[in-house]
Every structure is written in C-alpha cells, then in structure tokens.
Amino acid sequence: MQTLPIVSRLLPEVRAGHKRHTIRWRERAISPGPLCYINADDAHDTVNVWVTAVVPMPLSAVAEYLGKSDEWPDPVLLEGMREHYPVIRLDSVVEVIHHSAPLGRETDEDVLLTLLTHLECSLHHSQRHNRAWLEAILHPHFTEITRSGVLVTRDETIDALSQESTAPALRASDFQLLITGRGCATLIYQTLGPHPALRSSCWVLSAEGCWQMIFHQGTPTNE
C-alpha cells in the first residue's frame, strides 16, 4: 500500500476530513487509490484515505488552482514549502494530491474490500519487513495461527518478519470480505506457490479510525 509521511500538526485536519489535499515535490510516486498517511513523529499514528487525483503543476500555479490566492501569495507559499523542501522554487513542478476524508468509517463494501486488500498485501510485499509499519498495522492483541498450526503472538510475528531475509513475496488472489460487525471485517483469500493456503484475517477499526489486523490464520490446501 502506498504511504506518505505527514507532519503531526496536520494529521488532525486529515482525520477530521477538513484537509483533502497535499502538495508534494520529488517524493515517491503516488497514484489514485488507497493511501496511508503516517505521522512523521509517530509511525504508529496513521490515517487511511483514498487518492482521487494527482495533478502536476508549477508551484506558482498552486494557490490559484486551490482557490487560495489571497491566503498564499507567492512569497508566503514559497516560504511554507521551503520548510520541507529547502531548494524548491516557484517554477518547480509539484504534485497536488487530492484525496477523500478518512476511510476508517467507510461503509461501501467494495471500497472497504479494496482498502483491506491493499493493507493485507502490504504485509506480503513492500512493508513486510518494516518494523514501524508492522507495529502500526498489527493490533496490540494480534495473534496468528500459522499454516503449520503454531500459535504466535504479535511480538513474535514482528520479530520474525522484520528479521526475515529469504522468504519470497506471497502471491494472493480471490479476496472476499465478510462484514462481521460495526468496525469489524474478515478478509478471506488464498495464496499460491509451493505451499498454497487458504487464509483469513480479522480486521478491527481503532478508536483513531485506522484498520488493524487482530487475527490471522493460514490453512494448507492440496499441494
């Protein structure tokens, strides 16, 4: 799942749904779809949003584009951007990333299925060995029953994954979503490869509006 850091003072505005865009320069490529904002001062503090559009333009055009010409005259805008990007100029091409309000309380099952699928697959690929990400996405009471029938704790899982070096990325398919209660959902899918398995993950909505995995189980299928 794609991620972006955000300064802590802006995160409440995102969480309240008031901040619906961000201006970025020379950072990782972002495309429409799920995005996880991560508090730059606390990697456990995250908010999930849905990117709706990414619009490139010179920095000098941003204030007019966003209807903030009176608030952001060129010197003010440039000074603010240089807090984060010291060498940026008015003719630098930035990206204005538009996004939704937080997805934590999303009721559309198709959108929730897409969001949880991206979160799940982040543990198969890009964020699998990232301890800060694992600590943010795994619920404090997380447990797992592995495909070999072993019960493991959150700490054991984080230690094992963050130190893992040889396991290939999982190939997953056939995702299905079960809404099991308010703020609770179960994702069911299968993984392929030399050791195929049926898998289920239980996700719960935190008080801060972020989805966290609280339980996972893998069951071997016919190889």
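Along the sequence shown, the residues carry numbers beginning at 1.
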Exercise. Given the rule in the side chain to side chain contact (heavy atoms under 4.5 Å, CB included) test, do V94 and Y85 qualify, once you have shown the distances and angles that lead to the verdict?
Worked result: CA-CA 11 Å; V94 300; Y85 312 108; over 6 Å; no
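- Aromatic ring centres of H98 and Y65 lie closer together than 6.0 Å.
- Taking the charged nitrogens against the carboxylate oxygens, R199 and D174 have no contact shorter than 4.0 Å, which rules out a salt bridge.
- Taking the side chain as every heavy atom from C-beta outward, D42 and S8 never approach each other to under 4.5 Å.
- Listed here is the closest heavy atom pair of M81 and L59: CG-CD1, 3.9 Å.
- The environment of NE2 in H141 is sparse: at most 12 heavy-atom neighbours from other residues, nucleotides or ligands sit within 6.0 Å.
- Here the side chains of L112 and W211 are in contact, with some heavy-atom distance below 4.5 Å.
- Closest of all the heavy-atom pairs between S162 and L134 is N-CD1, 4.2 Å.
- Interatomic distance, CZ of R9 versus CG of N39, reported as 12.0 Å (0.5 Å rounding).
- The two residues A43 and A136 have their closest heavy-atom pair at O-CB, 3.3 Å.
- Formation of a donor-acceptor pair under 3.5 Å by the Q176 side chain with backbone atoms of L187 is not found in this model.
- Between atom CZ of residue R28 and atom CD of residue Q2 there is a gap of 9.5 Å, rounded to the nearest 0.5 Å.
- Considering OG1 of T46 and CG of L35, their distance stands at 10.5 Å, rounded to 0.5 Å.
- Look at E27 and R24 and you find a salt bridge, because one of the NZ, NE, NH1 or NH2 atoms lies within 4.0 Å of a carboxylate O, short of that distance.
- Side chain to side chain, T186 and W203 fail the donor-acceptor criterion of an N or O pair below 3.5 Å.
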Problem set entry | Derivation and outcome, salt bridge (Lys or Arg N to Asp or Glu O under 4.0 Å), residues D159 and R154 | CA-CA 9 Å; D159 287 343; R154 179 180 186 269; over 6 Å; no
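- In this structure, P34 and T114 approach most closely via the heavy-atom pair CG-CG2, 4.2 Å.
- Two rings, from H118 and F175, have their centers 6.0 Å or more apart.
- Criterion: ILVMFWY side-chain heavy atoms under 4.5 Å apart, direct or through other members. Under it, V93 and L77 are not part of a common hydrophobic cluster.
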For this session: Begin with the C-alpha distance, continue with both residues' side-chain angles, and end with the deciding distance and a verdict on side chain to side chain contact (heavy atoms under 4.5 Å, CB included) for V47 and C36.
Result: CA-CA 6 Å; V47 175; C36 181; over 6 Å; no
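- V62 and V54 sit in two unconnected hydrophobic clusters of ILVMFWY residues. Membership requires side-chain heavy atoms under 4.5 Å apart, directly or through other members.
- Looking only at distances, no side-chain donor or acceptor of T143 sits under 3.5 Å from a matching main-chain atom of F215.
- Listed for the K19 side chain is a donor-acceptor partner under 3.5 Å among the backbone atoms of H21.
- A chain of hydrophobic side-chain contacts below 4.5 Å, direct or via other Ile, Leu, Val, Met, Phe, Trp or Tyr residues, connects V87 to I23.
- Between H216 and Y189, the ring planes lie tilted relative to each other; the angle falls in the 30° to 60° range.
- Note on L178: it does not cluster hydrophobically with L113, by side-chain heavy-atom contacts below 4.5 Å among ILVMFWY residues.
- Proximity of L151 to E144: side-chain heavy atoms (C-beta onward) are nowhere separated by under 4.5 Å.
- A donor and an acceptor atom, one from each side chain of E135 and H44, are located under 3.5 Å apart.
- Taking the side chain as every heavy atom from C-beta outward, H139 and V204 approach each other to under 4.5 Å.
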For this session: Decide side chain to side chain contact (heavy atoms under 4.5 Å, CB included) for L198 and Q217; before the verdict, give the C-alpha distance in whole Å, the side-chain angles of both, and the deciding distance to 0.1 Å.
Result: CA-CA 8 Å; L198 287 175; Q217 180 169 0; over 6 Å; no
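- Atoms CH2 and CD, from W25 and E95 in turn, are 12.5 Å apart once rounded to the nearest 0.5 Å.
- Here the straight-line distance linking atom CZ of R15 with atom CD of E13 works out to 11.5 Å at 0.5 Å rounding.
- A centroid separation of less than 6.0 Å is found between the aromatic rings of Y37 and H99.
- Criterion: ILVMFWY side-chain heavy atoms under 4.5 Å apart, direct or through other members. Under it, L116 and I188 are not part of a common hydrophobic cluster.
- No more than 12 heavy atoms of other residues, nucleotides or ligands sit less than 6.0 Å from atom CZ of R89.
- Of all heavy-atom pairs between A185 and T180, the closest is N-OG1, 3.7 Å.
- Scanning all heavy atoms of the two residues, the minimum distance from S122 to I137 falls at OG-CD1, 4.1 Å.
- Remark: side-chain polar atoms of R82 are paired, donor with acceptor, to backbone N or O of I88 under 3.5 angstrom.
- In this structure, D91 places its CG atom where more than 12 heavy-atom neighbours from other residues, nucleotides or ligands lie under 6.0 Å away.
- Proximity of M57 to V96: side-chain heavy atoms (C-beta onward) are separated by under 4.5 Å at one or more points.
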Problem set entry | From CA spacing to verdict: side chain to side chain contact (heavy atoms under 4.5 Å, CB included), I6, I38 | CA-CA 6 Å; I6 185 171; I38 301 176; over 6 Å; no
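- Side-chain contact check for N48 versus L115: some heavy-atom pair is nearer than 4.5 Å.
- Interatomic distance, CG of L161 versus CH2 of W133, reported as 14.0 Å (0.5 Å rounding).
- Proximity of I97 to L4: side-chain heavy atoms (C-beta onward) are separated by under 4.5 Å at one or more points.
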Problem set entry | Trace of the side-chain hydrogen bond (donor to acceptor under 3.5 Å, both in side chains) decision for E120 with S201 | CA-CA 8 Å; E120 187 86 30; S201 295; 2.8 Å; yes
